[in-house]
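First the proteins, then the strands, lettered A, B, ... as listed; each starts at 1.
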2 protein chains.
Amino acid sequence: MELSERKLKILQTIIRTYLETGEPVGSRTISKDPELNLSSATIRNEMSDLEEMGYIIQPHTSAGRIPTDKAYRLYVDTMLDDRTNEVQNLKEQLDEKAGKIDVLLKQVAKVLANNTNYATMVSGPRYQSKKVKFIQITPIDESSILTVIVLDNNMVKNQMLKIDEPIDQEMVVKLNFILNTTLNGLDVTEMNLAIIKKIKEQVGHHTGVIDSVLELIGNALTEDDELEIYTSGATNILKYPELSSKSETTELLNAFEEKRIINNWLETTPPDSETHDIQIYIGDETKVDSMKDCSMVTATYRIQEGVYGKIGIVGPKRMDYDKVVSTLQSLMTQLDDIFKND
Amino acid sequence: MELSERKLKILQTIIRTYLETGEPVGSRTISKDPELNLSSATIRNEMSDLEEMGYIIQPHTSAGRIPTDKAYRLYVDTMLDDRTNEVQNLKEQLDEKAGKIDVLLKQVAKVLANNTNYATMVSGPRYQSKKVKFIQITPIDESSILTVIVLDNNMVKNQMLKIDEPIDQEMVVKLNFILNTTLNGLDVTEMNLAIIKKIKEQVGHHTGVIDSVLELIGNALTEDDELEIYTSGATNILKYPELSSKSETTELLNAFEEKRIINNWLETTPPDSETHDIQIYIGDETKVDSMKDCSMVTATYRIQEGVYGKIGIVGPKRMDYDKVVSTLQSLMTQLDDIFKND
DNA sequence: TGTTAGCACTCTATCAAAAGGAGTGCTAAC
DNA sequence: GTTAGCACTCCTTTTGATAGAGTGCTAACA
C-alpha cells in the first residue's frame, strides 16, 4: 500500500493532535478538521490502513490511535514546518558577562530547559590531540612546588607537588628550560622512554621530582576533560503524565544526576560528521534503555576545528519537534556568534 | 500527664515500627511485642494518652497511629541507640587516589547515598579570609600572558590574559618581583589605592597589564568559591511512597538539581559553632518548604580552623536515624583522618 | 468506485454500593 | 490496673452497572 496524499494529511493531523493532547486520537476528532472535510467513517477506513502500515496503533480496542515511532520518524523527516522563527532572542537571556565557557554552557542548559520545558544537557567542549605548549615549575615554599602546564588549546592545568628536599633557584631555571625545550609541542604518545631518559640525564638528579612532573603532564594530556556535563530541568520530565508514571523515569532522572551515563552516550555517538547539525532520536533510536519512551534532539556546536560539544534535549515522544528544532537552530547560530567574537 | 516508663517504651515501639513499615501502627501490632507483653486494650489506653500529649496522631478514625514531629524529636534526642558501629569501612569505598578534594567530596556524596538510600549533598570547603601567597605572570606568546595566583590556603587560580604590546623578559622578572614583594600576605581589604599607586610607580609603564592582573587577584580573593555542591541519590527520594506522590517532591528534586537553593540553605545555617557536629532537622525545622515532609541530618567537617563544609542527608521523616547518624559519625572521623594525612 | 450513515460491539473510565478489615473507645468483669 | 468483648467508624477493595468513546462492518448513496 502507498501513502497517499490524503493518508499523509490524516497522519499529520493525528500526530499534531497527539503532540498537543497526549491522548489517543479518534476518527471523529480528525473528521472535524476543516482542511480535510471527511466523515469519521472515511477517516476510520484510512486509519485502518495506516494502522496496517505501522504508522499508528491502538492502545486497546476502542481507543483512538496514537502514532508509532515510525510515524514520528516520518514526521520529523518530512513534515516539519519551516516555520518562521519567532524564537525569542536567547542571546539576551545569556548573561553576556559570562566570561568562562563553563558558566556559559551552564546557562545554555538552563535557558533551553526554561524555553522548551524539557530536560536538557550540554557537554563541554572536547579537545582532541592535546599538546604541551608551556611548562613551568615554581617553588612555593620549602616542601612544595607548583607545576603549571599550558596546553596548545590554551587550557591551563596546575597542581601543587610535595617535595622531600628543597630545590635551589638555579636548578629550577635549568629544569624549566630542559622541560620546555624537550617537551614543547609533543602529545602524550610522543613522550616515550627515550625522551624521559634524555631529560633525566640532562638534569642529573632530582629524578623524583621529574617523575612527578611527568606524571602530571601525562594526566593533563589524557585527562578526560573532567566529563563536564551540565544539565537542567530534569524534573521537567515529570510534567508529562505518560512518563511520570513509568518506572523508567526514575532511572532516567538518575541518569541525569549521574552525568556519567549521559557522557557515555555522547561519547559513543560520533560527532555526526558534517551531516546535519541537528539529530533526532526517537524511542529506541536513543539506544538508551531508560529513554525508550522518550525522544532526544541533539545539536553539535563547534568552537574551532576539532573542538566540539553537544547540546541535547530529552522529552516525551510527543515532543514539540518544531519548536525544539528551531530553538536549537537559533541557539546554535547565536553560540557561533559568541565564539567568533572571542 | 507524665511520660511514664511504659509510655516511653510504647512510643518507641510505635516509632520503630513506623520507621520500618511506613504504615500507621495499630494497638494489636504493639501488643505482640514480647518485651511489653500487654494486651491491645491496655496499649489502646496508653496510646490514647500519647495522642493527647501530642506524640502520635491518627490519620483518620480507625487507623493506626503515626508519630508526630514531636515524637521524632524526642526519639532522636533521647532514644537513639548507641549501637555498636558495624558501619562498613567507608574509607575503603573512597578511592584513595582521589587527590583532588572535589573528586573526594563527590565520592563522599555518592558513597553516602548508596549506603543510606537517601539523598545526599556535600558542600565544598569554604575558605574565609584568603590572602595572596604567590603571584607569577609568564609570557606565553606575543599576545598573551599567563597569570598564576596561589592563595594562602594553597588554592591555585590561573587565567590567560590578552595583552596589546609584548613584554620583554626583564620586565616580567621585575613585575613578578614587585607584585610579590608588595602584595604577599595581603587580603583583599588591604589592597588599597595607595598600594596600587605604589606598584604602578615602581613598574613605570605597562599599567594596563597591572590593572588586569590586580583585577584577577581581586576576583581570586573574593570569588564565591564557585558554590560547589555535590549531590547524589536525589532519586532515592522517590523510593518512599509517602514522598513520591507529593507535589513538593518535584520541587525538592528540583532543589537538588538547582544546587543554588541548597547552597542558600547551607549558607544561612550557621556553622553550628562548636556544638555537636551532627544536627537533625525534622519537618518544618528544616525551614525549607519543599522539605516539610522530610527530615534532614547534617554534619560539619573541618579541614582546618575556619575551613569547613557540610554534609547533609535528606530523607523521609521515618528515616533510619540510627543508621544515618552513625554512618555520618563514622564518615566524619574517616574524613578527619584523610585530611590529617595531607 | 469512493464516500457516508447506521448499527452492533468492545473496551475503558467512573461511580455507587457492598463487603471486608483494621482499629478504636467504651464498658464490665477480673 | 488489666483485659475481654462488643459496637462503631472509617478505609480499602471488590463488584456491578452505566455512560462514553471509538471501532469495524455493512448497506446505501452519488
B:Y55 six-ring centre to B:K70 NZ/CZ under 6.0 Å and within 45° of normal: yes
Rounded distance (Å) that lies between atom [atom2] of [N] and atom [atom1] of [X]:
{"X": "B:R44", "N": "D:dA7", "atom1": "CZ", "atom2": "C1'", "value": "12 Å"}
{"X": "B:E46", "N": "D:dT3", "atom1": "CD", "atom2": "C1'", "value": "13 Å"}
{"X": "B:I43", "N": "D:dA4", "atom1": "CD1", "atom2": "P", "value": "12 Å"}
{"X": "A:E51", "N": "D:dG24", "atom1": "CD", "atom2": "P", "value": "7 Å"}
{"X": "A:I57", "N": "D:dT23", "atom1": "CD1", "atom2": "C1'", "value": "15 Å"}

Base paired to C:dC15 (Watson-Crick or G-U; both N/O distances under 3.5 angstrom): D:dG16
Watson-Crick or G-U counterpart of C:dG25, or none if no pair lies under 3.5 Å: D:dC6
When you measure from the side-chain N and O atoms of [X] to the phosphate of [N], is any distance below 4.0 Å, counting only OP1 and OP2?
{"X": "B:R65", "N": "C:dG25", "value": "yes"}
{"X": "A:R28", "N": "D:dT23", "value": "no"}
{"X": "A:R6", "N": "C:dT3", "value": "yes"}
{"X": "A:S62", "N": "D:dG22", "value": "no"}
{"X": "A:T61", "N": "C:dT10", "value": "no"}

Sugar-phosphate, base or nothing in reach of B:A63, heavy atoms under 4.0 Å: sugar-phosphate
Sugar-phosphate only, base, or nothing, as touched by A:T42 at under 4.0 Å among non-hydrogen atoms: base
Residue pair B:N254 / A:T235, side-chain donor-acceptor N/O under 3.5 Å: yes
Distance-only polar pair, side chains of B:Y18 and B:E20, donor-acceptor under 3.5 Å: no
NZ/A:K9: more than 12 non-hydrogen atoms of other groups inside 6.0 Å: no
